[in-house]
Each structure stands twice: as C-alpha cells, then as structure tokens.
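Notes for the one structure printed next.
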Amino acid sequence: VYHIPEGKKKALYESIRIKARLIDYMGHELETNPIHNNRVYAKFTMDIAKYLCNHYRNAYILEYPNKLLTVNSHNNPYSYYIGRKLAEHHNMNIGKENANRISVKALIEYLPDLPTYEEVIQTANGSVTQKIILPFERDLIDLEVKYGILKNWRYCNSKGEPLQKGQMLDYSYNEWVNWLIEFELSDYPDQTERLKKIEERKKKSSKNKSSTKKSGK
C-alpha cells in the first residue's frame, strides 16, 4: 500500500503481509459441487472481500484482463505473468508517455522460473536464445494470437522508434534486454473520465506551484 506519513508530503510504499483464509465455501447454490455449467463457484471470506472491494485505504485497483484466467500455464508458463505485468504497468502509468511501453528487462525480472542469463551461461549446453529469448517471445506472442489479451505488440527503441533492420538481424543478449516493448491491451475499458481527472489534477498542481513561487517572491 502507499501512504503519506504524518508531516510528510511524499507517499511511501509499504508491503503488508497478511496470513488469512481466502475462501469460506465452495459450491453452487443448487448443489455442493463447486463446478456448475463450467463455472467455479466460491465465496470469499469477509476480510478478503473487503480487500478486493478496496475497503482498506489505498488498496491497489487494477483493470484486470479476465482473459488471463484462460492462460494454459503448462504450454505458456510465462504468459500470465507477462500479461499481468503489462496490465499493471499500463494502469500505473496511464496518461503518461510510457503507458504502453516497458523494457524487456523489467518484464523478464517479473517472471518466476525464467532462468537468468548467469544461470544459462554456466550450463554445459547453455543457449540464451533457446532458454530465455524464445520462451519469452513465444508466451508474449500467444498473449496476442492465442488468448487475445494483447491487440498487438512490437519491439522498439527508448522513445518508441521502430528497431532498425540491422538491430533485428544481429543482436546480443545485453542489447535485447534493453529494448522496449510497445503494446496495446485488448478490450480495455474506456478511460476518458479518468484521463480527464488526471489532467485536472496536473493543472491544479501546476497552478499551486505557480502561486507558491509568486508568494515566495
């Protein structure tokens, strides 16, 4: 959660660990079987329900892509985590220039079980392309082609400029990991009102800063 300490202006991030039961009951109202018409029915505990409904101050709200729940973790072990990270990144930076761009490095550091460069090169048959780059690209491609979570994506340079042909034909791991990925989420809810409020806050903040400078003079 983010909170502003007493007497401070800047918000600080604090990780809160909670050990709690997630579900009180599993079962459809017509039967005890939790699966009914291909749907799983479960009842959250009150504590978890309150958390999910933003009862606790500053709980994180995310436009969660429901299609992430359809990802086959056996065939695509990294797709879920890539998709969630892209959704989180876009949500946190909406209204900013980088809302639809994220570095490869930031993505792969988020993926559990993806081997690191150091781990791969220490193995006898270590191929960075085969063990890191291709599995990553496969699961990223399937977010668009198989699951429809992404509308599109492409590699790009720091300001969104397309990669040059020479960059794509011959590159090292260190070059690849510093590329950016430009992406567009599918079926993303309209954010017109939210963006409008963001702009209003920016104008208000700018106006307050201007008034402070004038009063200081």
Side-chain angles (χ1 to χ4, degrees), residues 1-3 11 13-94 99-100 102 104 106-116 119 131-153 181 183-195 197:
V1 296
Y2 287 91
H3 67 98
Y13 174 77
E14 179 183 359
S15 177
I16 297 178
R17 298 182 181 276
I18 300 172
K19 184 177 181 180
R21 184 182 295 277
L22 300 182
I23 296 171
D24 268 342
Y25 172 77
M26 290 188 70
H28 187 263
E29 59 183 4
L30 302 178
E31 53 185 298
T32 56
N33 189 342
I35 302 176
H36 182 79
N37 290 339
N38 294 320
R39 293 176 181 269
V40 178
Y41 290 83
K43 178 184 176 183
F44 289 117
T45 62
M46 186 57 69
D47 284 340
I48 297 302
K50 287 179 178 178
Y51 177 80
L52 294 174
C53 293
N54 199 26
H55 176 80
Y56 297 111
R57 190 167 69 91
N58 294 323
Y60 186 73
I61 299 175
L62 171 67
E63 296 287 0
Y64 184 86
N66 289 337
K67 291 179 181 177
L68 279 176
L69 299 176
T70 69
V71 169
N72 185 318
S73 60
H74 178 73
N75 296 329
N76 301 103
Y78 311 117
S79 287
Y80 174 84
Y81 300 99
I82 294 174
R84 183 178 174 88
K85 181 64 176 179
L86 294 179
E88 289 178 353
H89 177 85
H90 181 75
N91 186 62
M92 291 176 65
N93 295 284
I94 197 161
N100 289 79
I102 187 172
V104 172
L107 269 181
I108 64 174
E109 287 178 348
Y110 186 78
L111 308 183
D113 301 324
L114 182 72
T116 64
E119 289 171 342
K131 296 190 175 181
I132 299 179
I133 297 178
L134 290 182
F136 171 84
E137 289 183 341
R138 174 201 64 207
D139 285 10
L140 184 56
I141 289 170
D142 280 351
L143 282 175
E144 176 186 356
V145 177
K146 185 188 292 186
Y147 302 110
I149 294 166
L150 294 181
K151 187 176 292 185
N152 55 67
W153 72 275
I181 289 173
F183 64 94
E184 185 176 359
L185 294 162
S186 296
D187 307 319
Y188 201 75
D190 182 76
Q191 301 292 301
T192 302
E193 286 300 314
R194 183 180 175 192
L195 291 170
K197 290 179 181 178

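In this text the structure is predicted, and so the values were computed from the model without any measurement.
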Give the minimum heavy-atom separation between [X] and [Y], together with the two atoms involved.
{"X": "N72", "Y": "Y147", "value": "N-OH, 3.1 Å"}
{"X": "L114", "Y": "K131", "value": "CD1-O, 4.0 Å"}
{"X": "S186", "Y": "K151", "value": "OG-N, 3.0 Å"}
{"X": "S79", "Y": "V71", "value": "CB-CG1, 3.8 Å"}
{"X": "P65", "Y": "I149", "value": "CB-CG2, 4.2 Å"}
{"X": "H89", "Y": "A99", "value": "CD2-O, 3.5 Å"}

Gap between atom [atom2] of [Y] and atom [atom1] of [X] - 0.5 Å precision:
{"X": "D139", "Y": "I82", "atom1": "CG", "atom2": "CD1", "result": "5.5 Å"}
{"X": "D190", "Y": "T192", "atom1": "CG", "atom2": "OG1", "result": "3.5 Å"}
{"X": "N100", "Y": "L86", "atom1": "CG", "atom2": "CG", "result": "9.5 Å"}
{"X": "R21", "Y": "I23", "atom1": "CZ", "atom2": "CD1", "result": "10.0 Å"}
{"X": "I133", "Y": "R138", "atom1": "CD1", "atom2": "CZ", "result": "13.5 Å"}
{"X": "R84", "Y": "L111", "atom1": "CZ", "atom2": "CG", "result": "13.5 Å"}

Heavy-atom check, side chain of [X] versus side chain of [Y], under 4.5 Å:
{"X": "H36", "Y": "Y41", "result": "yes"}
{"X": "P115", "Y": "I132", "result": "yes"}
{"X": "D142", "Y": "Y78", "result": "no"}
{"X": "K146", "Y": "I141", "result": "no"}
{"X": "T45", "Y": "L22", "result": "no"}
{"X": "L185", "Y": "E63", "result": "no"}
{"X": "I102", "Y": "F183", "result": "yes"}

F44 atom CZ, neighbour heavy-atom count above 12 within 6.0 Å: no
task: Not counting sequence neighbours, which residues clear side chain to side chain contact (heavy atoms under 4.5 Å, CB included) with E144? List them please.
output: L150, N152, W153
task: Over 60° means perpendicular and under 30° means parallel, so classify the ring planes of Y64 and Y80, tilted if in between.
output: tilted
salt_bridge(K67, D187) N-O dist < 4.0 Å: yes
message: I'd like to know if K197 and E193 make a salt bridge, using a cut-off of under 4.0 Å between side-chain N and carboxylate O.
response: no
- prompt: Side chains of R194 and N91: donor-acceptor distance under 3.5 Å anywhere?
  reply: yes
task: Determine, step by step, whether V104 and I108 satisfy the side-chain contact (heavy atoms from CB on, under 4.5 Å) criterion, reporting the C-alpha distance in whole Å, the side-chain angles of both residues, the deciding distance to 0.1 Å, and the verdict.
output: CA-CA 6 Å; V104 172; I108 64 174; 4.1 Å; yes
